[in-house]
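Fair warning: this is a prediction, and the values are worked out from it, not measured in the lab. Order of the sequence lines fixes the chain letters, A, B, ..., with proteins taken first and strands second; residue numbering starts at 1 for each chain.
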2 protein chains.
Amino acid sequence: MARINKARYAVLGLLTLEPMSGYDMQKAMHKTINHFWSESDGQLYPMLAKLTQEKLVTVTEESQGARTRKIYTITKAGKKALQKWLAIPADPPSPRFELSLKLFFGHLAPKGSNIKHIKLHQHRMQASADLCKQVIKHLKSEHASDPKFTYWYLTVRSGYLNAKVQLKWCDEALELLK
Amino acid sequence: MARINKARYAVLGLLTLEPMSGYDMQKAMHKTINHFWSESDGQLYPMLAKLTQEKLVTVTEESQGARTRKIYTITKAGKKALQKWLAIPADPPSPRFELSLKLFFGHLAPKGSNIKHIKLHQHRMQASADLCKQVIKHLKSEHASDPKFTYWYLTVRSGYLNAKVQLKWCDEALELLK
DNA sequence: CATAGCATGTAAACAGTTACATGATTAT
DNA sequence: ATAATCATGTAACTGTTTACATGCTATG
């Protein structure tokens with residue numbers, strides 16, 4: 001079975017929101033899909049170039065003085081490719097939870113390090129839950145009538161529930177280990 | 001900052017349980033750390049060879065007739081390397097939830113495909129929750145007095161809670177989309 | 001005039017998957 | 001006999017991160 005490159009669809013998807021530059025896309029990623037998807041800079045620009053070559057996006061250069069921005073726009077073919085991918089069932093995820101891996105061998109770890117790891121995780125999950133809560137609030141007040149609202153909401157809701165249940169797990173874990 | 005190869009520590013960690021062959025390790029992975037960690041075959045054998053070269057593990061060949069098995073044993077240096085890694089805080093995970101990515105652009109998807117994806121996810125999460133439940137039961141009856149018990153339990157407990165909250169999310173999502 | 005942010009990209013190295021290749025042993 | 005499982009590995013490809021490289025523009 002051929003492997004499917006998902007970075008390309010993340011990029012194509014973002015370009016359906018509006019035409020933008022590579023730099024814009026970095027920021028857009030952080031504002032939108034960051035809870036459940038991430039691409040590194042090193043992937044982004046080469047992917048945009050590749051998609052241009054494949055005619056799934058087009059470029060227009062916009063210059064402001066000496067500086068030029070390359071604005072990418074998705075083509076009809078690009079949108080079709082995205083829609084085709086959207087219909088394909090997701091691969092079963094192959095999980096990589098470093099914390100669990102460390103904890104599984106926790107009896108070999110130096111004293112206190114397990115608890116330290118869990119407290120760090122707790123801190124991150126609290127931040128994630130707070131952020132999701134904020135995003136949901138923002139979505140409800142600004143985008144409630146948008147046809148995309150339900151879909152956007154569901155992704156953030158998933159992030160929120162995950163963070164919350166991880167916080168619950170942290171409490172249990174700290175109780176058990178102390 | 002240098003990147004840390006985690007596959008090597010998964011391998012070293014499994015070898016602390018008991019000496020085993022590459023083939024054994026594949027099975028051991030499925031029985032133990034599969035809920036939160038996975039390595040492909042293509043990683044495993046080269047990694048064992050590499051670790052041998054670095055003297056973090058040793059090999060002894062065991063022959064049964066014409067067939068030979070290579071049994072790997074962790075060395076003192078290997079155990080030290082593992083313990084050192086166990087003390088290092090985990091990297092913040094960079095999430096890759098394909099389902100969320102698809103759903104985020106769900107308004108562009110063909111009719112019914114979003115719901116199909118969620119139902120598949122629901123099915124997988126139910127299977128995962130059931131498996132975790134079974135593993136917990138097994139742990140409690142067979143390993144309750146093992147000093148590793150608490151750590152093993154916590155990893156499975158995390159998997160169970162995650163699966164459960166995802167099932168809750170599936171219910172909400174299906175309700176919203178129907 | 002220094003600093004932060006805007007803007008685009010490349011190169012090297014490493015990680016990871018898939019498919020291929022080979023052959024022995026055990027159970028049906 | 002034949003199928004499943006034991007057993008070890010390689011090669012090719014693709015994905016991904018990190019660090020590097022360059023230079024402009026706005027703000028204090």
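Listed by first and then second residue, the ring pair (Phe, Tyr, Trp, His ring centres under 6.0 Å) pairs that reach into residues 125-144 of chain A are A:His138-A:His143, A:His143-A:Trp152, sequence neighbours excluded. Pairs engaging residues 49-75 of chain A under the ring pair (Phe, Tyr, Trp, His ring centres under 6.0 Å) rule: none recorded [sequence neighbours left out]. Within the structure, side chain to side chain donor-acceptor pair (under 3.5 Å) contacts touching residues 101-113 of chain B (residues at least two apart or in different chains) are B:Glu98-B:Lys102.
Atom pair B:Tyr45:OH and C:dT22:C1' shows a separation of 13 Å (rounding to whole Å applied). When rounded to the nearest whole Å, the span between CD of A:Glu61 and C1' of D:dC24 equals 15 Å. Regarding A:Met47, its CE atom lies at a distance of 15 Å from the C1' atom of C:dG9, rounded to whole Å. Counting to the nearest Å, the P atom of D:dC6 and the CD atom of B:Gln26 are 10 Å from each other. Following rounding to the nearest Å, A:Glu62 (CD) and D:dT25 (C1') show an atom-to-atom distance of 15 Å. Regarding A:Leu48, its CG atom lies at a distance of 13 Å from the C1' atom of C:dA7, rounded to whole Å. Atom CG of A:Leu44 and atom C1' of D:dG15 are 15 Å apart (whole Å). What separates CG of B:Asp91 from P of D:dT16 is a distance of 16 Å, to the nearest Å.
The hydrophobic cluster containing B:Tyr45, built from Ile/Leu/Val/Met/Phe/Trp/Tyr side-chain heavy atoms closer than 4.5 Å, also comprises B:Tyr23. Membership of the apolar cluster around A:Met125 extends to A:Leu167, as traced through chained side-chain contacts below 4.5 Å between ILVMFWY residues.
Take B:Trp85 and apply the ring-ring contact (aromatic ring centres under 6.0 Å, His included) test, not counting sequence neighbours, and it matches B:Tyr9. Residues that satisfy the salt bridge (charged side-chain N to carboxylate O under 4.0 Å, His left out) test with A:Glu175, not counting sequence neighbours, are A:Lys178. Scanning for salt bridge (charged side-chain N to carboxylate O under 4.0 Å, His left out) contacts around A:Lys79 gives an empty result, with sequence neighbours left out. Take A:Thr16 and apply the side-chain contact (heavy atoms from CB on, under 4.5 Å) test, not counting sequence neighbours, and it matches A:Ile74, A:Leu82, B:Phe105, B:Leu108.
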Distances for protein N/O vs nucleotides 24-28 of chain C N/O pairs under 3.5 angstrom?
from, atom 1, to, atom 2, distance (Å)
C:dT25, OP1, B:Ala66, N, 3.3
C:dT25, O4', B:Arg67, NH2, 3.2

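Using a 4.0 Å cutoff on non-hydrogen atoms, the parts of residues 13-23 of chain B near DNA chain D are B:Ser21, B:Gly22, B:Tyr23, ordered by number.
Taking side-chain N and O atoms only, A:Lys27 has no distance below 4.0 Å to OP1 or OP2 of C:dG5.
Relative to the six-membered ring of B:Trp169, A:Arg157 misses at least one condition, a distance below 6.0 Å or an angle of at most 45° to the axis.
Residues B:Lys70 and B:Glu62 are not paired through a salt bridge, judged by the lack of any N-O separation under 4.0 Å between the basic side chain and the carboxylate.
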- Task: Assign a letter to each nucleotide of nucleotides 11-17 of chain C from its 5' end: B, base within under 4.0 Å of a protein heavy atom; S, sugar-phosphate only; -, no contact.
- Result: ---BSBB
